[in-house]
Amino acid sequence: MLTLALETTTPHGSIALLRDDSVAAVAPLEPGQYATSLFTLTQQMLADAGLELAQIGLFAAAQGPGSFTGVRVGLAAVKGWTEALGAPAAGISTLRAVASARAGARLAALDAGRGEVYFGVFPEGEEGLEEFARFEQRAAAAPPGTAVTPDPKLQAALADHLQLVPPLLAPAVGLLALADWRAGLAVDALGLDARYLGRRWGP
Amino acid sequence: MNAMAGALILGLETSCDETAAAVVEAGRRILSNVVLSQVPVHQLYGGVVPELASREHLRGVVPIVRQALERAGRPLAQMDAVAVTCGPGLAGALLVGIAYAKALAGAAGIPLLGVNHLEGHLHAVLLEERSQGRPDPSFPAVALVVSGGHTQLMRLERHGEHDFRYRLLGHTRDDAAGEAYDKVAKLLGLGYPGGPLLDQLSIHGNPEAVRFGRIHLKGNPLDFSFSGLKTAVLRHVQAAGLESGIATRRRAVAELGRAPSLHEWGLLCEPATLDLIASFQAAVVADLAQRTFAAVEQLTAAGDPPASLFLTGGVAANRALRRRLQAEADRRGLGLFAPALALCTDNAAMIAAAAYPRFCRGERAGAALAASPQLALDAAP
């Protein structure tokens, strides 16, 4: 089973190719060029592996929270690929991907900008809870040792609470998607949507 | 007949607030033309909210493309190319369509083409004529592209079956004409979108009741400006004491909990407001017509008289504008070509049609195709 995973929602976007449960390749996206580099890098990654897009069995994308535009670019790409190929898709919470990057992590934090944070709490064996809050409101909520972030600035600001995990999240997105697919939770192009957390967008 | 003559192009358009997909054969036969309007989503705000538009495109793109293929009775595997609007438009909205089209075309193993939205509006004119079995209009042509997002005068020439060239003659320096309609409708306590509503209400007012001065601009006489007219409407509202009527309409809409019907809007507008609406419409139409024919005269004086006149874009559906341009074009013996409503407003059939000549010339967009919010037509994608 080959999985192609995209993470276009954070400032350190990446793509990954998985062969069953092992990560075959990872590549960082070009900052500010996600909408184009995700396609050129995917072509290159597949060519390097001697593979065709049609051989991919599962397409995965981080579905946010994160950059609204980034979220949509990744999901739109996966929608297009899966629609044309009739392959299954899985949308993975970016916070869940962060939490899964370290064993035992129960809380994930992402910088939402303007002094705000996306927080995800994932108690063992329970459905996760995700929210958007002021930085100060959530600063102390992170129990030491189980809280992680891929954002160096956020980690530095909350050094007593947060541990840093590697920034490239596409492999984690791919592994979680594979787990979802095995659990029968994969969807088709129509079923994929974004996770928007955050401030109002309206006027 | 070569293979290109029957080429099927899947068009996709997400540049503003319509998610649209269509299948067009060889730039002349519309097999399907599906538009998912987001009007109900943006109505609440009296205008397009870019973030909301992008969200709706992401949700709408899969079902709309499926519907376009189903109605055409052709699966994706039978498409010869995918064409997508790559600008101008809202960056976030364009990106959804481009990423989807790129992935769809890439996975289906067919070419992708990026199309300028304005080129789409221009080809809507040709598509209308061809789909009605009529011959193509003569070139060169002067085109007025007028919508909620654009107001431009263009010169079109044709150098062969599939070679069209465009030159910008003038454009709006501030609001597009359709945007002026929306803003005036909003300030008068009327619904969104404002264009069709003001057009329909204007027939009940006196277009000469309020005298708006002609719009004067320094520099290019073929440029437009509508923000001053909007301000003049606001000043007239204050001077004529029309605020209470506006408050009444806003209350009525709130109590009704839905958009009033045309008849209800008519009852909610006092005669002085209907006069203002009619006068505003007359001023916009007069200005659009004056500059359009100024363009015709300018080219004629330069020894390059246009052979036809195109009117396209959402505001081309405006009845007063059509009548005015038609009368003046008739007087000058110039053929006026304007698409039917479904091809005037944003749609993807025009995108598929505009892509066809480029497809025939072998143009292809790669994985690097990007959204170009300010894309100009003389700088083709």
Side-chain angles (χ1 to χ4, degrees), chain A residues 4 6 8 15 29-30 32-47 52-56 59 61 63-64 67-87 89 91 187-196 198-203, chain B residues 10 12 14 19 21 41-42 44-67 69 75-77 79 82 84 86 90-110 112 186 365-372:
Chain A
L4 180 66
L6 309 181
T8 55
I15 62 170
L29 295 173
E30 286 171 42
Q33 308 288 331
Y34 287 8
T36 50
S37 68
L38 88 84
F39 289 99
T40 50
L41 288 170
T42 296
Q43 280 177 357
Q44 200 183 317
M45 188 176 276
L46 291 172
E52 303 267 338
L53 197 63
Q55 289 172 270
I56 301 295
F59 290 87
Q63 59 184 163
S67 150
F68 291 166
T69 295
V71 165
R72 283 189 287 267
V73 163
L75 289 172
V78 166
K79 278 173 182 265
W81 285 328
T82 54
E83 183 71 356
L85 299 173
V187 294
D188 76 342
L190 201 58
L192 213 52
D193 199 7
R195 287 169 105 88
Y196 301 108
R199 68 180 73 77
R200 278 175 51 79
W201 26 260
Chain B
L10 170 66
L12 183 58
T14 66
T19 314
V41 175
H42 302 288
L44 198 58
Y45 306 95
V48 176
V49 184
E51 172 59 22
L52 272 185
S54 305
R55 292 181 182 196
E56 292 302 309
H57 287 311
L58 184 67
R59 293 192 188 113
V61 69
V62 174
I64 285 303
V65 169
R66 280 187 191 175
Q67 238 182 71
L69 293 169
L76 180 64
M79 295 300 118
V82 177
V84 64
C86 58
L90 302 169
L94 289 165
L95 272 174
V96 173
I98 293 171
Y100 185 74
K102 229 186 255 183
L104 198 69
I110 55 177
L112 172 74
K186 191 176 180 176
L369 181 69
S372 309

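A, B, ... follow the sequence lines: proteins, then strands. Residue 1 opens every chain.
- More than 12 heavy-atom neighbours from other residues, nucleotides or ligands sit within 6.0 angstrom of CD on A:Gln55.
- Side chains of A:Asp193 and B:Arg55 form no contact here, defined as non-hydrogen atoms less than 4.5 Å apart.
- The minimum heavy-atom distance between A:Asp188 and B:Arg66, with the atom names listed, is OD2-NH2, 3.1 Å.
- For the residue pair B:Ala99 and A:Ala76, the shortest heavy atom distance occurs at CB-CB, 3.8 Å.
- For the atom pair A:Glu83 CD and B:Leu104 CG, the distance stands at 7.0 Å (nearest 0.5 Å).
- Ranked by heavy-atom pairs shorter than 4.5 Å toward chain A, the options B:Ile98, B:Val65, B:Val96 are led by B:Val96.
- Residues A:Ala84 and B:Ala107 come closest through the heavy atom pair CB-CB, 3.5 Å.
- Interface residue B:Leu76: only side-chain heavy atoms are found under 4.5 Å from chain A.
- Using a 4.5 Å cut-off between heavy atoms, A:Gln43 contacts chain B through its side chain alone, with no backbone atom that close.
- In terms of heavy atoms, A:Leu190 sits closest to B:Pro63 at CD1-CD, 3.2 Å.
- With a 4.5 Å cut-off on non-hydrogen atoms, A:Thr40 touches chain B through its backbone and its side chain both.
- The side-chain hydrogen bond (donor to acceptor under 3.5 Å, both in side chains) check on A:Gln33 picks up nothing, with sequence neighbours excluded.
- For the atom pair A:Arg72 CZ and B:Glu51 CD, the distance stands at 4.0 Å (nearest 0.5 Å).
- Side chain of B:Lys102 to main chain of A:Ala35: a donor-acceptor pair is present (N/O by atom type, distance under 3.5 Å, no hydrogens or angles).
- Within the model, atoms CZ of A:Phe39 and CG of B:Leu112 stand 9.0 Å from one another, a figure rounded to the nearest 0.5 Å.
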